[in-house]
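Worksheet: the structure to be examined is printed underneath.
Predicted model only: the values in this text are computed from it and were never measured. Order of the sequence lines sets the chain letters (A, B, ...), proteins ahead of strands, with each chain counted from 1.
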There are 2 protein chains.
Amino acid sequence: MLKTSDEKYLRAIYSVSHSENKQKVSLSDLAYYLDLKPPTVLERLHVLQKEKFISYTKTEGVVLTKSGEKEALNVIRKHRVWETFLHKVCKFGWNEVHEMAEQLQNVNSEKLIDRIYTLSGEPKFDPHGDPIPDKSGKLPVSVRRPLLNSIEGCRCLVLGVNEDSAEFLNYLTDLNIGLNEKLSVEKVFGYDGSLKIKYKNSESVILSPKVAEKILVTCTKHGCACK
Amino acid sequence: MLKTSDEKYLRAIYSVSHSENKQKVSLSDLAYYLDLKPPTVLERLHVLQKEKFISYTKTEGVVLTKSGEKEALNVIRKHRVWETFLHKVCKFGWNEVHEMAEQLQNVNSEKLIDRIYTLSGEPKFDPHGDPIPDKSGKLPVSVRRPLLNSIEGCRCLVLGVNEDSAEFLNYLTDLNIGLNEKLSVEKVFGYDGSLKIKYKNSESVILSPKVAEKILVTCTKHGCACK
DNA sequence: TTATTTTTTTAGGTATGCCTAATTTTAGTA
DNA sequence: TACTAAAATTAGGCATACCTAAAAAAATAA
Ligand SMILES: [Mn+2]
Ligand SMILES: [Mn+2]
Ligand SMILES: [Mn+2]
Ligand SMILES: [Mn+2]
């Protein structure tokens with residue numbers, strides 16, 4: 001049985017290695033992500049390596065082994081299933097579920113996860129639009145891109161976000177932007193990359209590039225020139 | 001915020017001090033209950049005392065302070081609310097919920113407890129018939145006594161059990177005895193205190209005193225001579 | 001290539017939470 | 001009361017999980 005702390009590290013390694021423009025997970029990246037100091041993390045990496053969940057060299061950084069990746073996907077599954085359950089069954093907002101799921105994901109009971117997943121209606125994506133791995137670790141695919149990469153006139157659908165923090169999600173909620181919202185990009189400001197978007201047939205706001213980068217969308221006009 | 005381990009100790013102290021014929025919680029009682037060695041527990045008691053949750057002297061044993069009792073009741077509330085939720089909403093058997101609740105009770109979110117309690121229909125008792133404290137720590141009362149103390153001819157109703165272990169609950173389930181079962185005591189064997197009981201208008205079994213002691217009932221004939 | 005900065009590693013420290021073995025204290029029995 | 005058994009305490013050890021400060025190695029810039 002995996003320790004809570006192993007799960008935390010494996011999930012972190014997976015997340016960091018799959019985040020934008022990161023082809024190498026360095027010790028310091030990981031320490032920063034986990035909000036721990038490098039010596040603490042290094043110590044743990046040695047253990048995880050002995051347990052054959054990762055391989056680590058200072059030049060290559062941290063790489064998950066097959067078994068490490070399997071475990072990481074399992075924690076991610078637990079996390080996302082809990083988030084889904086909290087949202088669908090317990091009716092919490094998408095901005096409230098992450099913190100609770102963070103604690104709940106450590107509960108050890110395959111049977112419980114199965115049960116709450118069933119009660120949630122077995123969706124393929126969590127309340128933030130992130131794919132829920134199946135038991136074998138397979139992820140449903142969804143083609144998404146940051147809203148930031150839009151060209152003027154593009155129409156698109158919000159499929160997810162790149163950040164789970166309550167602050168960010170609260171901001172979107174304040175703007176009345178949620179999952180499955182249809183947006184049209186009215187203007188792209190070349191100066192800093194801000195976007196003016198219109199939605200709900202009425203509202204229109206200007207989003208900073210920092211925000212637009214974290215909203216994941218798919219174009220709805222086919223053959224759209226966005227990348 | 002309380003640590004998981006504080007909660008464990010406070011709950012244990014509360015349980016031991018409220019169990020039958022215990023007017024003093026000694027260090028060794030507590031160590032036995034927690035399945036830890038006395039020096040380990042002693043060390044922790046010193047900390048809990050510094051935190052003003054208990055008072056401890058070797059002669060008086062461990063006593064919860066007002067604040068310690070409040071915390072203990074809060075953990076008990078969390079535990080029982082989770083058990084109720086797992087039973088009512090997730091449809092787990094009464095023999096399956098304790099283990100999971102043991103882990104879930106450590107999750108810190110008042111709001112989550114409130115929500116799942118509402119979803120469970122806000123019953124006053126958990127799946128084992130144990131009272132669920134309200135937020136202020138008040139326990140609903142229920143007058144119960146061990147089935148063992150029955151006299152011949154007594155008719156009673158199962159209101160709870162004194163043990164949460166899956167083995168015990170599985171045994172009762174095998175016997176077809178559950179909460180709210182109506183029993184009639186056909187015979188009391190003086191030799192060892194075994195009881196022959198009849199229920200469901202047909203089945204009849206002999207229960208050992210060890211088992212009969214752990215089934216909690218209330219007499220249904222009023223003015224019954226059981227104590 | 002050398003100098004500077006960043007990253008990694010080592011060394012050593014603290015707190016928690018568990019243990020065994022030995023000792024002291026308390027309580028029960030003769 | 002004196003002896004004995006049980007309970008509590010002390011001492012010292014181990015693993016985990018965190019830290020800071022300093023040294024070594026690697027990467028970057030001049
Ligand atoms: Mn999340
Ligand atoms: Mn999510
Ligand atoms: Mn229980
Ligand atoms: Mn219970």
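For the pair A:Leu45 CG and C:dT10 P, the interatomic distance rounds to 13 Å; values are reported in whole Å.
With respect to B:Arg77 and B:Asp114, a salt bridge is recorded, a charged nitrogen being found less than 4.0 Å from a carboxylate O. Salt bridge A:Asp130/A:Arg144: present, at least one basic N to carboxylate O contact under 4.0 Å. Salt-bridge annotation for B:Arg11 and B:Glu71: absent, with no side-chain N of the basic residue lying under 4.0 Å from a carboxylate O of the acidic one.
Each end of the helix from C:dT1-D:dA30 to C:dA30-D:dT1 yields a helix axis from five base pairs, and these two axes differ in direction by 0° (to the nearest 10 degrees).
The span of DNA chain D lying next to chain B, judged by atoms under 4.0 Å from heavy atoms, is bounded 5' to 3' by D:dA7 to D:dT10.
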Protein-proximity profile, nucleotides 15-25 of chain C, B/S/- by nucleotide at the 4.0 Å heavy-atom cutoff, equals --BBBBB---S
Which donor-acceptor pairs under 3.5 Å do the side chains of residues 34-55 of chain A make with protein atoms, sequence neighbours left out?
residue: A:Arg44; atom: NH1; partner: A:Ser5; partner atom: OG; Å: 2.5
residue: A:Arg44; atom: NH2; partner: A:Asp6; partner atom: OD1; Å: 3.0

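Put simply, the side chain of B:Leu172 reaches to within 4.5 Å of the side chain of B:Ile215, judged on heavy atoms.
Figure legend: cation-pi geometry between B:Lys58 and B:Tyr56 absent, as NZ or CZ is not positioned both under 6.0 Å from the six-membered ring centre and within 45° of its axis.
Annotation: ring-ring contact (aromatic ring centres under 6.0 Å, His included) contacts involving residues 5-41 of chain B, sequence neighbours excluded, comprise B:Tyr14-B:His18. Residue pairs that meet the ring-ring contact (aromatic ring centres under 6.0 Å, His included) test with at least one member in residues 98-145 of chain B, sequence neighbours left out, are B:His79-B:His98.
Residue-level contact check: A:Tyr56 touches the backbone only, with heavy atoms under 4.0 Å from sugar-phosphate atoms and none from bases.
Defined by atom type and a distance below 3.5 Å, a donor-acceptor pair is present between the side-chain atoms of A:Ser26 and A:Asp29. Side-chain N/O atoms of B:Ser109 and B:Arg115 include no donor and acceptor closer than 3.5 Å.
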